[in-house]
Amino acid sequence: MLSVLALTSVVLLGIVSQTTAIVVYTSWEKHALVGTDVRLSCSFFSWQWTSPDVTFSWQYRADGAKEGISIFHFAGGAPYQDSKGPFRDRLEFVGNPSRRDGSILIKNVDFGDNGTFTCDAKNPPDIAGHPSSVRLLVFEKVPVQAGVITGAIIGVVLGLLILIVAIYYLMRFLVARRVFSLSMSKHGKKGKGKEGSQQKQASAVMDPAKLKAAASEKKKQESRREKK
Amino acid sequence: MLAILLATLVLHLTDLIILFVSTCANAWRKHGDASYDLWYACKQSNGDYECSVTGDADWLQAVQALMVLATIFSLISFIIFLCQLFTLVKGGRFFFTAVFQVLASLFVMSGAIIYTVMSPAWKNDSETYGYAFVLAWLAFPLTLISGFIYIVLRKKE
């Protein structure tokens, strides 16, 4: 029973490893300042063990060019740099093939290095797969990151909105308190009678909602008196 | 009376939907199969979409912010309208609602103007403005009219 299970799992693994291909990973885009060094990373996933014949090759296609040129190749355990092309003496292999890392370092980038770098990795017998590309963008000064200005504008406007609403309610509260203190002082100087109704009003204005209710009540009372 | 209320509500909802679509759909400029702005630059190749984030242009981020703010303000105005419908004194005007709706229309106008003025010159004839751009310009007069209606509208029993 156990041997049958082991056999089926080995067969399945064999089938799976033959149907899936090698998957190469690079970054999507790389931003760099003029004159700096930029590291283009490339790694892969494969169901096979890392073979000693693993190969990495890098191609470069400039912006606007139709075809790419080969700039780097790693095979048989040794790296081979391009000694005639635009990257001579500027390319360095900083990867670790036994750890499935085929990254390269380009020193002293310039505006002419704008373009697409394609990494293709092969891990025999796993050789079928898509190469992966990374775009290099060289800037004179680092641009503001996408979304910073957007977030700033939205945050400032919403903050102002909340501030204005808070100040509005604060002013209403303060005005109501001032009216309360004014009518209290009037009540202290004169006496009762008419001021009795004012005192009622003064206690009502502590709550602005009740102020509105009092005003509408007064209007209703006046309209009733007019009707009478 | 009820007809006016329903018409106003329908207009406000239409504004809200137009603002949402214009802000979220990524079709302010079209070039054949590729659609650009407001958030991505997408190209269609072999039935697969290849999208990259649009360039970090400052004016584009300002347009993004203004469109989002216009949508938020229109939404707030709608909620305040529903609140004021039940709490307003008889004969009162919907000032709070109108303020937010007019502000939303101003934001949409600013966003559309900035985009129209600052978008780069077209390289060839196959570049056109997309439907999201048209919707943004449509949203501006609709929200303004809706705001003015709220200023004039009075609450009756």
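Note that this is a predicted model, so its numbers are computed, not measured. Just so it is clear, the values below take in all heavy atoms, side chains as well, and ignore hydrogens, waters and symmetry mates. Proteins get letters first, then strands, A, B, ... in listed order; numbering begins at 1 in each.
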Original post:
Above 12 or not: heavy atoms from other molecules or residues under 6.0 Å from OH of Tyr129(B)?
Top reply: yes

Original post:
Less than 4.5 Å apart, any side-chain heavy atom of Phe100(B) and any of Leu161(A)?
Top reply: yes

Original post:
Is there a donor-acceptor contact under 3.5 Å from the side chain of Gln64(B) to the main chain of Thr150(A)?
Top reply: no

Subject >> Enclosure of Tyr168(A) OH (heavy-atom neighbours >12, cutoff 6.0 Å) >> reply: no

**OP:** Mark yes when over 12 heavy atoms from residues, nucleotides or ligands other than Ile127(A) sit less than 6.0 Å from its CD1; otherwise mark no.
**Re:** no

Original post:
Side chain, backbone, both or neither: which part of Leu137(A) has a heavy atom under 4.5 Å from chain B?
Top reply: neither

**OP:** Taking atom CZ of Arg178(A) as the centre, report whether more than 12 heavy atoms of other residues, nucleotides or ligands fall under 6.0 Å from it.
**Re:** no

Original post:
Measuring heavy-atom distances to chain A, does Ile76(B) have an atom under 4.5 Å in its side chain, in its backbone, in both, or in neither?
Top reply: side chain

Original post:
Tell me, do Leu158(A) and Leu69(B) make a side-chain contact under 4.5 Å, heavy atoms counted?
Top reply: yes

Subject >> Residue Arg90(A) excluded, over 12 heavy atoms near CZ under 6.0 Å >> reply: yes

